[in-house]
Amino acid sequence: MLKALARKSHTLERFLEGWSLFYENTVGRIGLFLLLFFALMAVCSYIPPLIDPMYHPMTGVDPEVFRSTPPSPTHWLGTDNIGRDLLSQLLTGARIAFLVGITAAFMSIVFGTLIGMIAGYAGKVLDSLLMRFADMIMVMPSLLVVLLLSSLFGQLNIWIIVLLISLFRWPGIARVIRAQTLSLKQRPFIDMARVAGASHLRIVFRHILPNVLPMALLYMTFRVTSAIIVEAALAFLGFGDPNTVSWGMMLQWVWKTGHMFQAPYWLLPPGICISLITLSFYMMGRAMEEVLDPRLRKEEQRI
Amino acid sequence: MTLRRLILRRSLEILVIFFLILSGLFFLFHLAPGDPVSRMVDPSMSPEDAELLVSQLGLDQPLWLRYLYYLKNFCTGDFGISFHYGRPVVEVIGERLPNTILLFTTSIILSALAGISWGKLVAWYKGKRVDTVVTITSLVCHTLFLPWIALLFIWVFAYKIGGFPLNGMISPELWSDPASGWFVKALDILHHMLLPLLTLSIIHVGEYLLIMRSSMLETLSEDYILTARAKGLSEKRIRNRHAGPNASLPVVTNVGLSLAFSINGGALTETVFTWPGIGRELIFAVSNNDYPLALASFLFISIVVLVANLVVDVLYAYLDPRIRY
Amino acid sequence: MNQPARLVQGFVFFVLLLPLFLSTGWAKENETTLKIGISEEPRTLNIWLASDANSRKALSLIYQPLYTRNPDTMRITPWLAESMPVYDPREISYTVRLRPAKWADGSEVTADDVVFTVNLIQEFEVPRYYSKWDFVRKVEAVDKRTVKFYLKEPKAIFTTRTLVNYIVSRKEWEPLAEKAKTKEKPLTALVNTKVESPLGCGPFALEDWKEGTSLHFTRNEHFFGQNQTLAQRKLGPHVDKILFKIYGTADVAILALKKGNIDFLWWGIQPGYIPDLKKDEDVRVFLSEKSALYFMGYNVRKKPFSDRYLRQATAIVTDKDFFVKRVLQGYASRMDSIVPAENTFWHADDLPHYGQGLSRDERIKKATALLAENGYSWKTPPVDEDGNVGSPSDIILPSGQPMQKFVILTPPADYDPNRATCGLMIQEWLNDLGIPAIARPMSFGALLQKVKGEHDFDAFILGYGRLSLDPDYLRSFFHSRNDKSRGWNMSGYHNPEFDRLATKSVSAMDPDKRQELIHRMQEIVMRDLPYIPLYKPQEIEAANMKFSGWEQMVGGIGNLWSICQVKPNE
């Protein structure tokens, strides 16, 4: 009981220590605040449609408005060409960005960690096979592959897009996790577990996984960035899910309906949001990297 | 292992990877729902022509034979006829590929050079305000949404301010004028290339700068730098002659690793600026369901990425004499 | 400072100076050039292969037909021919006299060239052309400038559709045709012949084609219409050169137009650009009528949309004025018949205007009532007992089955953002009724393949941009005989009564009688609604004020009459 408590407090302590390191980091702090801002946007996205159905991001139209209008008291960011409210679209866009970014990133670290651990732990033929495969995926430009697939399979829905993005984004993580697994494999506690008769599965999941997890989480923040960018680019080119109001979609609408250079209130916000949300995840990632890095380096030196 | 053996080995690996991509695409195209025949044969063709093409491509054969046909056609450079252009796909690609390589490699090389030289300076001022400002600026640059920033650039630089062409690669008025010599023409291409180049580079410079900065910081703490300092060498000499070259190695590695990601950006840039490159061609072909062209464009883009990877690897080995595979 | 840094900074410096250096006028202004923006590269300049809009635009400056459309009346008027064709009912022949004309290389255009063109089309059975000439039995050159066409049977479309085709030069095509004949597949060889500089007799000749960038045309000194008056119009051309510049994206082309980099955008513009363009003093916007039809079609072969009442209910909730006012920003008009209302003689007036003028709630109520009357039910209906509109549960068909999800196919947003948006809106309106609709944008080719080729679809939104003035398309769209793969009856509509009327309308030579039949046909179609007509957009074009003399006709100012008449303002 006491022991468990002690262990818990130790974890807590380590977390707090990491947190204060993270918080001291200017880059990390900016990133965190930006991220909180976007999270707030995503939460707020549920509010406008409750106020009035005309604020529904996809189907609500202002009965008074027939063309794109600049910001006004009823529409704080203006409207698009068919009279939909841009602010509620922008808020919904934040929700979609989180959804796409986090799901795709989570899926890709699951793939990456699993494959990395397996390759590192199994070694030999399986290892080199998996790593060649990773090499192959790594040289494929993900956006273009998804484009090619969408031409083959027709319009893709948002979940398929998320899955595809994650399928093309695991190799980087897999390599790192593999390297870590390789070094862990040499450590005495793995040998002990093996001698104690633990199955391979148990060793991988009970002993290796907890140790590579921080690294995987770190990479997740970077993957969020690229997933959001790929989805936005896809939507921008007209291959997104037409039933989703994402920022890329908004940019596509402003582009294709010919409002590009005359409705800055429509063109600027989605672009700024995409850039800033990727920036915030990227900054968080860097700050976390700096927090985790010394520890990781020490472990490497112990080998 | 000598450099030559390294090149040989990496080339072999690249060949294997390329073969896998080639095969993967084949199975995607032939196993995706829908009819592979209608995918590879122009729907506006007459039935007899379609039949001829079907037998040329071996589409009436069983899957494994079709695969062999496909490999054979690939080796002989026969990618079929583009639906849109009605010309052999190879011809179209042959026209577009050099343009992509020109834009893409120029941008990568320039941004790597800029990233290395600026990152080196910034590392020197670690902790100072310059460092924070530059770090955050680079982060912002790196995460800008590329097609959006490209459109803004067109609006601001080419339209509002003027002086830059709106899009394209050459000005037709100039090129049809017999008085313009090759130098003027080259300048004209350069003039058209500036904005796309700027867009593409701004994304990369930030990334390379940050990598260079951290790698420089690491290098500066190494023993041989201390030795150099103890020898009383000037700071500038230490930075440029001793720390710089070694610290720039990770940038080179990263250029290789992020190539695939860069080419995504390249395709978007080409599309927004109507740069007649292969990335734009791929996006155009996908929009128009011109499958033969889309397939071949993708293959050639893969080749570009793979070859660039090889070049980066070799460069790395060349720069860092410690590394021999 | 080390090497790379110096390199980079030198480059940056150079780059900053370059615009100054390059923008100081290089242009040589001793001849006038009309610069036209087009959307994509022409596919080919081989006339037998060209089917895409941009190739046709380029070729229309070069190759010329015997007759063309009069901009005022839209009837045919002599072009390369000197006068209207003379019909001889006894031997079913038309005699056409040619104008004195020369090819761009100075050689004469003779009756022999006409004969050669027809024989080539017939011999090779060139797609797209052969169907217009296959009922011509024989062509002969009576003298150097007179041609006689013998027909197998009287055909009204001979003058309106056959004689408006291009004539090619024997000198250019005979060697190519001979060479093609020696090949295993003569037609393929002919069609795939690479044509570098097509030889025509039009106002311009191709000088140079820079792949991916531009096409240059220079004035053809031998153009037969030069300084002539045709259809009361004095023809030029008044410009020395024409330059086609290829812009991949509309927004950049618009910027180029505003900046004066191009003088005319030969390309339909989205309504969104209009307010901005109207503000610009250097640009003139042209709004022209189009004979067009944009519609949603159902697959009536399949349940549940084989039920007329379900289709009517969907028509009631479809707010056409929403499309016109919002999606098309008012640059369109609503359609309540297959025949456009502007086509006054053939358009039937007293047709049902489903749901016009109703609010969204009223539409839902009306449609719900209609559906409930005809055996449809809901667990939670769209309208509750107190008459309030709410969100319904999925609709249950008269058979007691729940309705399966169904898909409305639309062209993709990058092809036509308006139709993609309309599909989404219809999806939402149908969901208001508990009808599980999903709008799915699909690439254009795949959409046609599914709808026209395989009949594997539920509903689709398509449009015809160039409906002919004669309403014979009503018959093509809905006659049961055309319900076949690649046939025009995409909906699979079968109605014996309609078929009977349609067949009768073809042979009805008395216009009043035919008008009555056509009106009856429209009534039937609008009652059964295999297609729900949605809207008819206007053609929006813009040109720079530097040039005047554009000829605005049905379909816009991008036509050969304009090319022959525009002149720079002094």
Side-chain angles (χ1 to χ4, degrees), chain B residues 34 38 43-44 46 48-49 52 81 83-87 95-96 99 110 113-114 116-118 120-121 151 154-155 158-159 162-177 179-180 184 187-188 190-191 194 197-198 240-241 244 271-274 276 280 284 286-289, chain C residues 1-2 4-8 11-12 15 18-23 26-28 33 35 40-41 43-44 46 49 51-52 127 184-185 187-188 191-192 194 207-208 210-216 243 245-249 251-253 255-256 258-259 261 412 414-415 443-446 448-449 453:
Chain B
S38 71
S44 67
S46 73
E48 306 88 71
D49 298 342
L52 181 72
I81 309 273
F83 296 177
H84 176 78
Y85 295 101
R87 301 193 281 150
E95 280 159 19
R96 305 292 189 260
N99 302 340
L110 272 183
L113 287 183
I116 288 173
S117 53
W118 293 337
K120 199 157 58 183
L121 282 174
L151 284 163
I154 293 182
W155 192 25
Y159 182 64
F164 289 99
L166 288 167
N167 71 343
M169 187 172 161
I170 58 175
S171 19
E173 293 91 339
L174 192 75
W175 281 62
S176 62
D177 186 352
S180 5
V184 174
L187 274 185
D188 185 47
L190 194 58
H191 188 204
L194 292 180
L197 200 59
L198 185 64
N240 291 340
R241 286 289 155 80
T271 306
V272 177
F273 287 98
T274 346
R280 179 182 124 79
F284 178 74
V286 165
S287 314
N288 285 290
N289 277 27
Chain C
M1 180 126 298
N2 60 334
R6 217 173 300 149
L7 242 163
V8 170
F11 183 79
V12 169
V15 157
L18 206 54
L20 292 174
F21 168 51
L22 282 165
S23 52
W26 258 339
K28 201 169 49 174
T33 304
K35 296 172 192 162
E40 285 298 339
E41 178 130 58
R43 183 176 164 175
T44 172
N46 180 333
L49 179 65
S51 59
D52 59 308
E184 191 187 346
K185 294 269 173 183
L187 177 61
T188 313
V191 167
N192 288 335
K194 196 165 180 175
E207 188 183 281
D208 183 24
K210 293 229 178 313
E211 305 272 357
T213 309
S214 61
L215 287 95
H216 296 254
L243 176 64
K245 288 172 105 171
I246 299 161
Y247 289 89
T249 54
D251 43 310
V252 173
L255 288 186
K258 288 173 65 175
K259 263 186 93 174
N261 290 359
D414 64 327
Y415 177 82
S443 72
F444 199 70
L448 273 189
Q449 175 68 22

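Labels below follow one simple rule: chain letters A, B, ... track the order of the sequence lines, proteins then strands, and each chain is numbered from 1.
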Quiz item: Are C:Asn261 and C:Tyr247 close enough, and set up right, to give a side-chain contact (heavy atoms from CB on, under 4.5 Å), and what steps lead you there?
Solution: CA-CA 11 Å; C:Asn261 290 359; C:Tyr247 289 89; 4.2 Å; yes
Quiz item: Top residue by heavy-atom pair count (under 4.5 Å) with chain B, among C:Thr249, C:Asp251, C:Leu243, C:Val191?
Solution: C:Leu243
Self-check item: side chain to side chain contact (heavy atoms under 4.5 Å, CB included) partners of C:Asn46, counting only residues at least two apart
Solution: C:Thr44, C:Trp48, C:Leu49, C:Trp173, C:Thr193, C:Val195
Quiz prompt | Region of B:Ser171 that comes under 4.5 Å of a non-hydrogen atom in chain C | solution = neither
Quiz item: Heavy-atom distance under 4.5 Å to chain C: side chain of B:Phe273, backbone, both or neither?
Solution: neither
Self-check item: Verdict with reasoning, B:Arg280 to B:Thr274, per side-chain contact (heavy atoms from CB on, under 4.5 Å)
Solution: CA-CA 7 Å; B:Arg280 179 182 124 79; B:Thr274 346; 3.6 Å; yes
Quiz item: Is it the side chain or the backbone of B:Leu151 that comes within 4.5 Å of chain C heavy atoms, both, or neither?
Solution: side chain
Practice problem: May I ask you to test the B:Pro276-B:Glu95 pair for a side-chain heavy-atom distance under 4.5 Å? | Solution: no
Quiz prompt | Atom group of C:Leu255 that falls short of 4.5 Å from chain B, counting heavy atoms | solution = both
Quiz item: Got a sec, which residues hit side chain to side chain donor-acceptor pair (under 3.5 Å) with C:Glu207, two or more places apart in sequence or on another chain?
Solution: none
